[in-house]
Amino acid sequence: NRYEELSYMGQEEEDQQMMMNSNDQDGEDSEWIKMTATLDSGSAEHALPTGAFDKVAAQPSDKVGKKYLAANGDSIINEGEKTIKCVTDVGIPIEVKFQVAKVCKPLISARKLSKNGHKVILEEYRPRVISPQGFTTPLRIVGGVYVIDLWVRRKYGDIKKPFSWQ
């Protein structure tokens, strides 16, 4: 299935719709946490930091042990994969199959999105991703890079920042 990497899950629950746009939904008592992922044109895979969403077990795959080249030239080893159910900022439920590795933040691969039929539009005025089904997910520019906000149920754990490259 060419849409497997970032696939539309259909209508999951009514309470997911648009509630993610509210700024107060990211608090300690919220059922949801916001994961801001960098949309990376240089990443071969969607990547998730080691330890992120610890309540979701990493699944073995044929990519475990594979080495990736980081932007700084270091090797990063694939530790498994996690499929995270999340909701876009506009309320579209999706699943993202992340490769788990010692990266410093979640990465969404622009190439992988494009390869699977998404249109990735990285422009100054209205950056966005358009799914094969026609759903538009807005991107933001933060610190000079494009990011996408995804909402994940707190029951899956949280984004952990075990280390920093800087």
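Below, all heavy atoms of this structure are taken into account, side chains as well, without hydrogens, waters or symmetry copies.
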Tell me whether [Y] is reachable from [X] by hopping between hydrophobic residues (I, L, V, M, F, W, Y) whose side-chain heavy atoms are closer than 4.5 Å.
| X | Y | result |
| --- | --- | --- |
| Ile108 | Val152 | yes |
| Val64 | Phe98 | no |
| Ile92 | Ile33 | yes |
| Tyr146 | Val120 | yes |

* **Carboxylate-amine/guanidinium proximity below 4.0 Å for Glu81 and Lys63** => no

* Determine, for Glu79 against Lys102, whether the closest basic-nitrogen to carboxylate-oxygen distance falls under 4.0 angstrom. =>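 Here Glu79 pairs with Lys102 in a salt bridge, since their nearest N and O are under 4.0 Å apart.
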
[X] (side chain) donor-acceptor with [Y] (main chain) under 3.5 angstrom:
| X | Y | value |
| --- | --- | --- |
| His46 | Ser109 | yes |
| Arg128 | Arg126 | yes |
| Asp74 | Ala70 | no |
| Lys82 | Val56 | yes |

* Asked: Does any non-hydrogen side-chain atom of Ile121 lie less than 4.5 Å from one of Ile130?
  ->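 Yes, close enough: below the 4.5 Å cut-off.
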
* Asked: What are the two closest non-hydrogen atoms of Asn78 and Tyr68, and how far apart are they?
  -> ND2-OH, 3.1 Å

* **Where Ile141 and Glu124 come nearest, the two heavy atoms and their spacing** =>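 Closest approach of Ile141 to Glu124, heavy atoms only: CD1-OE2, 3.9 Å.
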
* Pick one: which of Ile84, Thr137, Thr88 meets side chain to side chain contact (heavy atoms under 4.5 Å, CB included) with Leu150? ->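 Among Ile84, Thr137, Thr88, the one meeting side chain to side chain contact (heavy atoms under 4.5 Å, CB included) with Leu150 is Thr88.
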
